[in-house]
Amino acid sequence: MSYVECTRCGDHLAADRPQNVCPKDGGVLYVRYGLASLKGKLRREDLSGRVASMWRYAEVLPELPDNEKPVTLGEGFTPMLPSREHPNVYIKDESLNPTGSFKARGMSAAVTMAKHYGLKKLAAPSAGNAGGALAAYAAAAGIEAHIFMPKDVPIANRMECDYYGAHVTLVDGLISDCGRMVAERKDKEGWFDVSTLKEPFRVEGKKTMGYEVAEQLGWKLPQAIVYPTGGGVGMIGMWKAFDEMEELGWIGSERPKMISVQAAGCAPIVKAWEGGKGASEMWTDAATFAAGLRVPKAYGDYLILSILKKSHGTALAATDEEILAAMRRWASVEGVFAAPEGAASLVAYRKLRANGFLSAEDKVVLFNTGSAYKYLDMIEAQEKKARPVPAARSIGGIIGPY
Ligand SMILES: Cc1ncc(COP(=O)(O)O)c(C=O)c1O
Ligand SMILES: [Zn+2]
């Protein structure tokens, strides 16, 4: 790791101390490595036999002194499952990560670096899963975590944070309100802000999904990747990974169409995309049971929208009813009990096949970003809303048999 670079003005900042965003223009910072000197020295074949976690890509992750180890719980290198329903479709199953979502990757990297810098108190707003992941990695690192979450997050998120020993504040509002509280209090409290895209290392952890897509598909990227988008770090990280792999000579210049799926009740990126805008507007009255997609304004919206454009991708929304039906479909046909955010990828795939944006021949990776087991209360409530009279086979039903 040589330095961090602003994605807006291109300024370079030192990476030997903690950084948040560009002090000049608030731009998101990207970590840059001396990839040119690695080209030819680090080959794809060198990965075989390495640890089956995201840390197998150590050379393109923050470098640590010999006496320091990453804060790891075994995150990454999740299964790439060929779909049983759709030929040429793969489900990248991030639900198998520690704490049950892809958020583990970003927090493993961010907490590793926080420990390296000697930071003692971290803070973040969270729609749910990021908080759980931060709490777990902070516990493993012996660092304090201060987490601000909407009061109606899934029970699992509140409970895991509590058990991991984090300081949790439940907020009568959305993740944007939580973010404001962190910003207002962090200086006084001595917290380092690890909000989405407000420190450079969560992207580094999440970019490993891009490396895995390439490695697990034999170093040929798919025609399209569908990603449930809240703050957008998964999408942003993968795009960065593709550029890095090209610099390393591991892949060519081809890129998948990047497709953002959001919830119809909170779809600021879709609205901006459809309006041809380069940034999004704050979404009012955001509501969806896909808690991780309830992000009314993404800090890195300008990066997401530029990736959609550059990749010839698109953005589309799924209603809660469609998401619930897709969850049942994936569970009953694929054996994958997906988080609502993940199941939204299936809704998107079906719509894009129906309107001809994708064809049956296209190789497509659908990201299941998390586990349904963390949403049981939300799913039950959604089932009741969808089917007020319990059906015999409904999980809300009191009449059998199954
Ligand atoms: C399961 C799940 N999927 C997707 C997202 C959205 O991720 P991102 O903020 O990287 O767009 C979240 C965020 O909380 C999540 O928990
Ligand atoms: Zn800048």
Side-chain angles (χ1 to χ4, degrees), residues 4-13 19-30 92-97 99-107 124-134 147 149-150 153-154 156-157 160 174-176 178-179 195-198 200 202-203 205-207 209-210 226-239 258-263 266-269 280 288-304 307 315 318 323 327 337-345 366-375 378:
V4 294
E5 182 182 50
C6 175
T7 51
R8 276 194 210 277
C9 69
D11 271 9
H12 293 188
L13 296 163
Q19 303 280 4
N20 287 112
V21 294
C22 175
K24 229 161 70 183
D25 54 19
V28 172
L29 300 176
Y30 275 0
K92 178 68 171 154
D93 194 2
E94 290 292 299
S95 71
L96 277 94
N97 275 301
T99 71
S101 88
F102 78 112
K103 298 277 178 185
R105 296 176 186 263
M107 289 305 182
S126 168
N129 285 321
L134 171 58
I147 295 161
M149 297 191 286
V153 288
N157 295 130
E160 64 183 340
L174 294 176
I175 187 170
S176 39
C178 298
S195 300
T196 298
L197 297 174
K198 292 199 182 155
R202 286 175 67 183
V203 171
K206 290 184 180 181
K207 83 178 181 191
M209 294 188 290
V226 182
Y227 205 90
T229 304
V233 186
M235 161 109 27
I236 290 167
M238 282 194 281
W239 194 255
M258 301 300 279
I259 296 162
S260 261
V261 59
Q262 297 201 296
C266 181
I269 297 293
S280 65
T288 169
F289 83 123
L293 303 185
R294 212 167 44 147
V295 180
K297 164 104 175 126
Y299 194 72
D301 54 1
Y302 67 101
L303 296 170
I304 304 167
I307 292 167
I323 291 174
M327 284 176 65
F337 195 22
E341 296 87 338
S345 299
L366 308 180
F367 266 84
N368 172 30
T369 42
S371 168
Y373 295 121
K374 296 189 78 177
Y375 295 77
M378 313 285 270

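All ligand and atom numbering here is 1-based and tracks the order in the structure. The figures here come from the full heavy-atom set of this structure, side chains too, leaving out hydrogens, waters and symmetry mates. Keep in mind it's a predicted model, so treat the numbers as computed, not measured.
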S.K.: Is there a polar contact between ligand 1 and Thr369, counting only N or O atoms under 3.5 Å apart?
M.R.: yes
S.K.: Please write down residue, atom name and distance for the protein heavy atom closest to atom 14 (O) of ligand 1.
M.R.: Lys103 CE, 3.1 Å
S.K.: Can you give me the OD1-the Zn ion (ligand 2)-SG angle for Asp25 and Cys9, to 10°?
M.R.: 140°
S.K.: At a non-hydrogen distance cut-off of under 4.0 Å, which region of Tyr375 contacts ligand 1 (side chain, backbone, both, or neither)?
M.R.: side chain
S.K.: Quickly, which of Leu366, Ile323, Leu293, Asn368 forms a side-chain contact (heavy atoms from CB on, under 4.5 Å) with Pro228? Name it, please.
M.R.: Leu293
S.K.: Does ligand 1 have an atom that lies less than 4.0 angstrom from a heavy atom of Met235?
M.R.: no
S.K.: Minimum distance, heavy atoms only, to atom 10 (O) of ligand 1: which one of Val233, Thr229, Asn157 is it?
M.R.: Val233
S.K.: Which word best sums up how the rings of Tyr227 and Phe102 line up, parallel for under 30°, tilted for 30 to 60°, or perpendicular for over 60°?
M.R.: perpendicular
S.K.: If you have a sec, read the angle at the Zn ion (ligand 2) from Cys22 atom SG over to Cys6 atom SG, to 10 degrees.
M.R.: 110°
S.K.: Please report the shortest heavy-atom distance between Ala339 and Tyr375, naming the atom on each side.
M.R.: CB-CE1, 3.6 Å
S.K.: Would you mind running through ligand 1 and noting each atom that sits below 4.0 Å from a heavy atom of Asn129?
M.R.: 1 (C), 15 (C), 16 (O)
S.K.: Between the side chain of Gln262 and the main-chain N/O of Thr229, is any donor-acceptor distance below 3.5 Å?
M.R.: yes
S.K.: Tell me whether Phe102 reaches ligand 1 (any heavy atom closer than 4.0 angstrom to a ligand atom).
M.R.: yes
S.K.: Which atom names give the shortest non-hydrogen contact between Val233 and Lys206, and what distance separates them?
M.R.: CG1-CD, 3.4 Å
S.K.: Considering non-hydrogen atoms only, spot the tightest contact between Ala127 and Val153 and give its length.
M.R.: O-CG1, 3.4 Å
S.K.: Kindly confirm or rule out an N or O of Leu293 lying under 3.5 angstrom from an N or O of ligand 1.
M.R.: no
S.K.: Name the one of Asn20, Thr7, Val21, Val4 that satisfies side-chain contact (heavy atoms from CB on, under 4.5 Å) with Pro200?
M.R.: Val4
S.K.: Of the listed options (Gly234, Ala344, Gly232, Ala298), which comes nearest to atom 8 (P) of ligand 1 when hydrogens are ignored and any heavy atom counts?
M.R.: Gly232
S.K.: Please examine the side chains of Asn97 and Lys103, heavy atoms only from C-beta on, and report whether any two atoms are closer than 4.5 Å.
M.R.: no
S.K.: Check ligand 1 against Lys206 and write out every atom of the ligand that is under 4.0 Å from a heavy-atom position of the residue.
M.R.: 10 (O)
S.K.: Can you sort out which atoms of ligand 1 are near Gly231, meaning under 4.0 Å from one of its heavy atoms?
M.R.: 8 (P), 9 (O), 11 (O)
S.K.: For the residue pair Ser126 and Asn129, what are the closest heavy atoms and their distance?
M.R.: OG-N, 3.9 Å
